[in-house]
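Written out below as structure tokens is the structure these notes cover.
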Amino acid sequence: MTEPNYWLMKSEPDAYSIDTLKNDGVTLWDGIRNYQARNFMRKMNKGDKVFFYHSNCKPPGIVGLMEVIDLNIVDPTQFDQDSKYFDPKSKPDNPRWDCVKVEYKFKSDKILSLPELKILFNEDELLVVKKGNRLSILPVRNDTAKILLEKI
DNA sequence: GCCAACGTTGGC
DNA sequence: GCCAACGTTGGC
């Protein structure tokens, strides 16, 4: 039995919130249009745990946990002309974007806000507290994750 | 709403 | 391959 890896994925609650995921149970994490973020998804394994982070809201912070249950899924929105994530440069025989499927685990009783995260961790311990970091998918160090799991 | 910090695009 | 211009993210 191998240890899971830990990640953090951001979503604006107006676009897709922890409550929406709680209701859906399972969702495709599609619409990722950044190569670094995509490459992190490609490193994921089934069973990995993902901290759900609400961004661009008051306050931003970690609001719950999910689990990776499926890998390497072609992102359907890249071929959907009506989607805001439509990518005319991506061809069906060579898709540019893929995604993972995640499952709802739990919602935190209260948000672990960015100001609190900045008190608990420095930017080496938790990348999301780094100023100017805009990546929507980030790895989380194992030792950091263990502490986080006790706090959410 | 402002703006710093990035990532991407495209001319050269 | 450089880099200016532009677009986006996201905290504040």
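Here is how names work: the chains are called A, B, and so on, in the same order as the sequence lines, proteins then strands, and each is numbered from 1.
- Side-chain atoms of A/Ser17 and A/Asp19 include no donor-acceptor pair closer than 3.5 Å.
- Taking the charged nitrogens against the carboxylate oxygens, A/Arg33 and A/Asp87 have no contact shorter than 4.0 Å, which rules out a salt bridge.
- DNA chain B lies under 4.0 Å from no heavy atom of any residue of residues 117-124 of chain A.
- Judged purely by distance below 3.5 Å, without hydrogens or angles, the side chains of A/Ser90 and A/Gln78 pair a donor atom with an acceptor atom.
- Between A/Glu116 and A/Lys110 there is a salt bridge, since at least one side-chain N of the basic residue sits less than 4.0 Å from a carboxylate O of the acidic one.
- A salt bridge links A/Lys146 to A/Glu3: at least one charged side-chain nitrogen sits closer than 4.0 Å to a carboxylate oxygen.
- Aromatic rings of A/Trp97 and A/Tyr35 (six-membered ring for Trp) have centroids within the 6.0 Å cut-off, being under it.
- Counting any heavy atom pair closer than 4.0 Å across all strands shown, A/Lys10 reaches sugar-phosphate atoms only and no base atom.
- The closest donor-acceptor contact from the side chain of A/Lys91 to the backbone of A/Pro88 lies under 3.5 Å.
- Contacts between residues 129-138 of chain A and DNA chain B, defined by a heavy-atom separation under 4.0 Å, are made by A/Lys131, A/Gly132, A/Arg134.
- With 3.5 Å as the limit, one finds a donor-acceptor pair spanning the side chains of A/Asp24 and A/Tyr16.
- The hydrophobic clustering, which links ILVMFWY residues whose side-chain heavy atoms are closer than 4.5 Å, places A/Val26 and A/Met9 apart.
- The nucleotide range of DNA chain B contacted by chain A, defined by atoms under 4.0 angstrom from heavy atoms of the protein and reported 5' to 3', is B/dA4 to B/dT9.
- For the residue pair A/Lys43 / A/Asn39, no side-chain donor-acceptor distance below 3.5 Å is found, with atom types taken as modelled.
- Contact check for A/Val50 versus A/Ile137: no side-chain heavy atoms found under the 4.5 Å cut-off.
- At a threshold of 4.5 Å between non-hydrogen side-chain atoms, the residues A/Asn45 and A/Val68 do not count as touching.
- Applying the ring pair (Phe, Tyr, Trp, His ring centres under 6.0 Å) test to pairs two or more places apart or on separate chains, those with a residue in residues 48-77 of chain A are A/Trp29-A/Phe52, A/Phe52-A/His54.
- If you check residues 31-42 of chain A against DNA chain B, the residues with a heavy atom closer than 4.0 Å are A/Asn34, A/Tyr35, A/Gln36, listed by number.
- For the pair A/Asp30 and A/Lys101, the salt-bridge criterion is not met [side-chain N within less than 4.0 Å of a carboxylate O].
- Remark: A/Asp124 CG is packed, more than 12 non-hydrogen atoms of other residues, nucleotides or ligands lying under 6.0 Å away.
- Comparing the start and finish of the helix from B/dG1-C/dC12 to B/dC12-C/dG1, five pairs each, the helix axis swings through 10°, to the nearest 10 degrees.
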